[in-house]
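See below for the structure under consideration.
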2 protein chains.
Amino acid sequence: MSEVSCTPNVGRPRAFDMNTALEKALEVFWRKGYDGTSLSDLTEAMGINKPSLYAAFGNKEQLFLKAIELYESRPCSFFLPALEKPTAYQVAEHMLYGAALNMADQAHPQGCVVVQGALSCSEAAATVKEALLNRRVEGEQKLRARFEQAKLDGDLPASADAETLARYLGTVLQGMAIQANNGATSEQLRQVAEMTLQAFPR
Amino acid sequence: MSEVSCTPNVGRPRAFDMNTALEKALEVFWRKGYDGTSLSDLTEAMGINKPSLYAAFGNKEQLFLKAIELYESRPCSFFLPALEKPTAYQVAEHMLYGAALNMADQAHPQGCVVVQGALSCSEAAATVKEALLNRRVEGEQKLRARFEQAKLDGDLPASADAETLARYLGTVLQGMAIQANNGATSEQLRQVAEMTLQAFPR
DNA sequence: AGGGTTATTTACCGTCTAGTACAAATTTAT
DNA sequence: ATAAATTTGTACTAGACGGTAAATAACCCT
């Protein structure tokens, strides 16, 4: 049988932890964007040399994509948990308040790497730009599907437009990412969340 | 008396129009961001060589800042005109509908260069990043001042929170820039504008 | 102890980057 | 005509970029 472990038991063991190195890479990409991040930035932050980076993660592009995967699977991620709230209103509520808390959190760079990692960028970043764009669009599609379900469940009126509700919420969430970059605090974003919810049917 | 014209009447005349060249530069920066734009990208789009660019605009950073000035003074700019509408609600209305039309306009890159020109970027872009951040914050301050005035005018209730209203509007406007990058149409953004206005006191 | 395997280090590659020196070209003023 | 002023095109610089070759080091298994 073939062994599928990612840490083989032969050869010299890796001197660094891949996950913490990936966290460091994520932080740099988050702060500087894909184009603005150099390999020197990465190796310095990750505490490894270039050949180690390439052996472990492929290249800059693949490293970025893996960092984004990590980002979305982190325990402090709020998007997927919010989707599971029992009513559409509670989904919106948890998503907005979660974003308010998370995006201005000083424990990491402000905003959202999926929004600001490769928004306007060089041709060299085309692949990662598209990957991020897809994530944003898919997030909104998940919101929409959740609101369609809410209409079936009866906690949204049958007249509600799930697609527009999802896009409205997506717009505010993405706008909050910019606000956090502008220096807005969690409390200020919470107030925006509150206003946003006033337009939301309950 | 000293002549202050920018086109001196001695020496070889400039073979290109500075304003149209600046428009071309703006378009590239808008599409690729500051870090993602190379001097080759610029000279190619502007149809001039590097020494001409440096002689006319200083360097990459100064060229970017001049392109942003041009951007904000363009006739299709909607921000300042909307501020002059007679009531707070009409200000919000014109700003949101103007943004919906403008940001998804296929006649130029999608979104807003003030939002996406240098959001996450290298240290080399620190100056332009800060310049854009200041413009975003100042825009919101202008909105806030306009809403304070509206409270005095009586077209906003005295209980209204001008700062939060301005931040809410700013958040949606900046979110619309991301939405336009996501491929949202003007019609879809118009629907978001409509929802946004439902939370706005009138 | 030795062979196989993998990671690490150092040094390097070609290409692209922002920015410039310089000479030729084109204008106005005398 | 000629001098002064300015732009233009060509060619160049020094350094940073993403990425890699090759030798050495550290581990497991027999």
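Reminder, nothing fancy here: chain letters follow the sequence lines and each chain counts from 1.
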* **side chain to side chain contact (heavy atoms under 4.5 Å, CB included) between L165(A) and M195(B), intermediate numbers included** => CA-CA 8 Å; L165(A) 283 177; M195(B) 278 216 67; 3.5 Å; yes

* Just compare dT9(C), dG19(C), dG19(D) and give me whichever is closest to any side-chain atom of L39(B). => dG19(C)

* **Electrostatic pair E27(A)-R31(A), nearest N-O below 4.0 angstrom** => yes

* **side-chain N/O S52(A) vs dA7(C) OP1/OP2, d < 4.0 Å** => no

* Would you please test L96(A) and L173(A) for side chain to side chain contact (heavy atoms under 4.5 Å, CB included) and show each step? => CA-CA 7 Å; L96(A) 287 165; L173(A) 290 170; 4.0 Å; yes

* Structure fact -> Here the distance between atom C1' of dC17(D) and atom CG of L53(A), to the nearest Å, is 14 Å

* **Distance below 4.0 Å between S38(A) side-chain N/O and dA16(D) OP1 or OP2** => no

* Asked: Is there a side-chain contact between Q179(A) and Q188(A) (heavy atoms, below 4.5 Å)?
  -> no

* salt_bridge(E140(B), R136(B)) N-O dist < 4.0 Å -> no

* To do: Specify the separation, in whole Å, of atom CD of E123(A) and atom P of dG18(D).
  => 16 Å

* Taking only side-chain nitrogens and oxygens of S40(B), does any of them come within less than 4.0 Å of OP1 or OP2 of dC16(C)? -> no

* To do: Round to a whole Å and report the spacing from OH of Y54(B) to P of dA18(C).
  => 7 Å

* For D41(A) and dA16(D), give me the distance from atom CG to atom P, rounded to whole Å. => 12 Å

* Asked: So, is R12(A) close to the dT8(C) phosphate, meaning a side-chain N or O under 4.0 Å from OP1 or OP2?
  -> no

* To do: Whole angstrom is fine here: how far is it from CD1 in I48(B) over to C1' in dG9(D)?
  => 12 Å

* Asked: What nucleotide among dG19(D), dA18(C), dT8(D) has an atom nearest to a side-chain atom of A15(B)?
  -> dT8(D)

* Asked: Does the side chain of N49(A) get closer than 4.0 angstrom to OP1 or OP2 of dT8(C) through an N or O atom?
  -> no

* Looking at every strand, decide which applies to A55(B) at a 4.0 Å heavy-atom threshold: base, sugar-phosphate, or nothing. => nothing

* Starting at CG of D35(A) and ending at P of dG18(D), how long is that distance when rounded to a whole Å? -> 10 Å

* Whole-Å distance separating the CE atom of M46(B) from the P atom of dA18(C) -> 13 Å

* Asked: What is the nucleic acid contact for S122(A), judged by heavy atoms within less than 4.0 Å: base, sugar-phosphate only, or nothing?
  -> nothing

* Taking for each residue the nucleotide of DNA chain C bearing the nearest heavy atom, is the 5' side occupied by V10(A) or by P51(A)? -> V10(A)

* Structure fact -> Atom CZ of F16(B) and atom C1' of dT26(C) are separated, to the nearest Å, by 15 Å

* Establish, with yes or no, whether the OP1 or OP2 oxygen of dT28(C) is under 4.0 angstrom from a side-chain nitrogen or oxygen of N9(B). => no

* Please tell me which of the listed nucleotides, dT6(D), dA21(D), dG18(D), lies nearest to the side chain of K60(A)? => dG18(D)

